[in-house]
Amino acid sequence: MQFDALPETDPRLVALVEALNPAQREAVTAPPEHRLVLAGAGSGKTRVLTHRIAWLMAVENVSPHSLLAVTFTNKAANEMRGRIEQLVNVPVRAMWVGTFHGLAHKLLRLHWREARLVQNFQILDADDQQRLVKRVLKSLDMPEDRYTPKMVTGWINAQKEEGRRPHAMSDQGDYTQRQLVRAYTAYQQACEQQGLVDFAELLLRAYELFRDVADVRAHYHRKFRHVLVDEFQDTNTLQYLWLRLICGADGKIFAVGDDDQSIYGWRGAKVENIQKLSRDYPGIELVRLEQNYRSTATILKAANGLIAHNSGRLGKNLWTEDREGEAIQLYAAYNEYDEAEFVVQRMRDYLDGRGRYADLAVLYRSNAQSRVLEEMLIRARLPYRIYGGLRFFERMEVKDALAWLRLLANREDDGSFERALTTPPRGVGATSIEKLRAFAREHGLSLWKAARNGAAALGRTSGALGLFLDQIDLLDQQTRELPLAQKMEKLIERSGLKEHYKKEKGEQAEARLENLDELVNAAKSFERPDEEGIDPVLSFLTHAALEAGEGQATAGEDAVQLMTLHSAKGLEFPVVFMVGLENGLFPSMRAVDEGNLEEERRLCYVGITRARQQLTISYAESRRIHGVEQICAPSQFLKEIPTETLVETRPRAGVLRGSFGVQSGRGSYGGGAPRTGMGSGYEHGNAWRERQQEGYNLSRPALSSRMTAEVAFGGFKLGQRVGHPSFGEGTILSFDGEGERARVEIRFANAGTKWLMLSMAKLSAL
DNA sequence: AACGCCTCCTTTTTT
DNA sequence: AGGAGGCGTT
């Protein structure tokens, strides 16, 4: 039914579509056929997805049981749930809304028999998986330097993501290939024996379940009439195959995605799936959402201009009814410290009087870049939050405690057995464990059984080992009837983990103990069997693996946001700083070498389109990368952003850098240039354009002429290497003051960063 | 088992 | 530079 044909009498439906723009409306109210929605950044994609679901239920009488909605992250799934709930008066619980992995997991729990799994199978997270691969490689005597656990794990996952099983590829390929297949086979066998399923395996098993078990397939074909997919451009081969299989002949697919925001090719995502979808579902209609509700016209112009340099796009041009907005600020820093300082300065300008910290976001290409920014933010006393890093359920102490819980639930889990046996330490060392492993391998037993049956063969340590085995059985008995949280608490106590971490010193130790308490707390919400009647222990462990928690720091607090461009996808901020726009950093060296610039360009596009009102882009002329000072050329992406959207802001001699070296005139840019827009200390110029025209010559001198002209100070200049009798070697970061009171800031290689009186410090030029 | 030294590596991240 | 992990020493 089309919107035009809507019965005017139904106010609910009118309300549902009234607020939508024509393109959104077309997507939402389309007949129940296959649809591909090309949703540009900030074009209301989640809105379309949720309204589509509401529409299907209200107009096409689709039951919530017949809907399947898939996302990539838990966050997106939760958001979708929440918004559907707001929109329709139907218990969302009945609806299959979740991540690919979460839904696959649900299917496997329901059909564990048909999927040839054990009922209490457990999920391996990335870390568990790599540990297991490592043990497998050792057992196969494969040299660890040639076949690193990381590389082999990556390879195995890549195979799974292409839907390949070892037997289908055994006798082809070269020696290396055959070795890898051998590892894959052995790894898979270990998983089967121990009842373990890794992330990729969840998807592959769920796929095979549908492919191989006709009854199950038929059941779900009858059930799911509509399959809705979010972030379709991020699907990998296996996810796509699974979607097709689950749709069957009659199910209708509604895919929402954006080829311009495909930034996960490196982990197997296939943008081509968008084209594939059009081929596999001939007649599928394409809807473009191009009206943007997020950014100013200037920001969109920059984004459109940049992304136009990519080839093979489906094509899309974002537009807005919003005002033009401010120009994008471009800042040429002389190094990463200067860059960070500038960012902080601009933040202060913004915060002055208005604005929340959380309005501000700094986006960078690689995590290493956060350090200097952090340093400056601390110095400026601005609260900040860094995304990324270890999540709650990935922390060592948490994983240690969970290993005990897992071992109680499943004695065959060798990884948990080893972990529990060694933490806390109990006099069973590497040698004994190696012997135990050998014994287990020889007799085809789990470590648990090997220890039970062959402890005597281990000599002296058999005592400690025997105690451990008895302790596990005893703990199991004693905690069997306890509610989950109490069980967890008792385990943490009786395993000796609490004692163990109490002994550890430093501020980390305290945090560890707190995390263990928090773990008990987290267990509380899993004390009752869930909807499918699954045992609390299993659902808790599943939760731990599938939803490792938020990355770092307390959410919700008003703080400046620091994150990589990748983690910024899907977010938006009033004020965005995109830093480190240098060839070799962004685009990354690797991308340049491999000629994979298009994905990097999309990443840049994602960065630009995060900004609502203000966007500042910066690059440094020199930066320390992997401990070495390097001369950087501005990113080629800067050339690709339409000039008219940019205004260059540069440090103004004599203001930013204190009162040194104002003997400008020559070499100094825009001495009398009018100051525009900025709070203080900076001015605009066209130096960057001039430099652009010079081309990117890597052998160009380290600092541009303005540096040498402007920064000479007491015989020293910014960026210069100097020696100090007690602090050793360092680099001059900045100057302050004049004459007697002149001070210099130096970052020493071994003594940190210090401010020294220029007249006192016995500095020598290097 | 704990500690310290040495070598290696270094883009991006979710499940 | 800085972290991780391996390895040898106490």
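Per chain, numbering begins at 1; letters A, B, ... match sequence-line order.
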Taking OP1 and OP2 of B/dT15, is either one under 4.0 Å from a side-chain nitrogen or oxygen of A/Asn74? yes
Contact under 4.0 Å: A/Thr564 side-chain N or O vs B/dT12 OP1/OP2: no
Could you tell me whether [X] contacts a base, only the sugar-phosphate backbone, or nothing, with contacts defined as non-hydrogen atoms closer than 4.0 Å?
{"X": "A/Ser588", "answer": "base"}
{"X": "A/Asp198", "answer": "nothing"}
{"X": "A/Ala126", "answer": "base"}
{"X": "A/Lys134", "answer": "sugar-phosphate"}
{"X": "A/Arg602", "answer": "nothing"}

Nucleotide nearest [X] when distance is taken to its side chain, options [options]:
{"X": "A/His626", "options": "C/dG5, B/dT13, B/dT10", "result": "B/dT10"}
{"X": "A/His101", "options": "B/dT10, B/dT13, B/dT15", "result": "B/dT15"}
{"X": "A/Arg371", "options": "B/dT13, B/dT15, C/dG2", "result": "C/dG2"}
{"X": "A/Arg365", "options": "C/dG6, B/dT13, B/dT12", "result": "B/dT12"}
{"X": "A/Pro425", "options": "B/dA1, B/dT12, B/dT14", "result": "B/dA1"}
{"X": "A/Leu546", "options": "B/dT15, B/dT13, B/dA2", "result": "B/dT15"}

Tell me whether [X] forms a cation-pi arrangement with [Y], defined as NZ or CZ under 6.0 Å from the six-membered ring centre and within 45 degrees of its axis.
{"X": "A/Arg419", "Y": "A/Phe417", "result": "no"}
{"X": "A/Arg267", "Y": "A/Tyr264", "result": "yes"}
{"X": "A/Arg109", "Y": "A/Phe121", "result": "yes"}

Indicate the ring-plane relationship of A/Phe540 and A/Phe526, choosing parallel, tilted or perpendicular according to the 30° and 60° boundaries. tilted
Salt bridge (charged side-chain N to carboxylate O under 4.0 Å, His left out) with A/Arg623: which of A/Glu629, A/Glu336, A/Glu582?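 So, applying the salt bridge (charged side-chain N to carboxylate O under 4.0 Å, His left out) to A/Arg623 and each of A/Glu629, A/Glu336, A/Glu582, only A/Glu582 qualifies.
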Do we see A/Trp266 stacking on the base of B/dT12, given a limit of 5.5 Å between centres and 30° between planes?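 One would call A/Trp266 stacked on the B/dT12 base.
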If you assign each of A/His500 and A/Asn367 to its closest nucleotide in DNA chain B, which residue comes earlier from the 5' end? A/His500
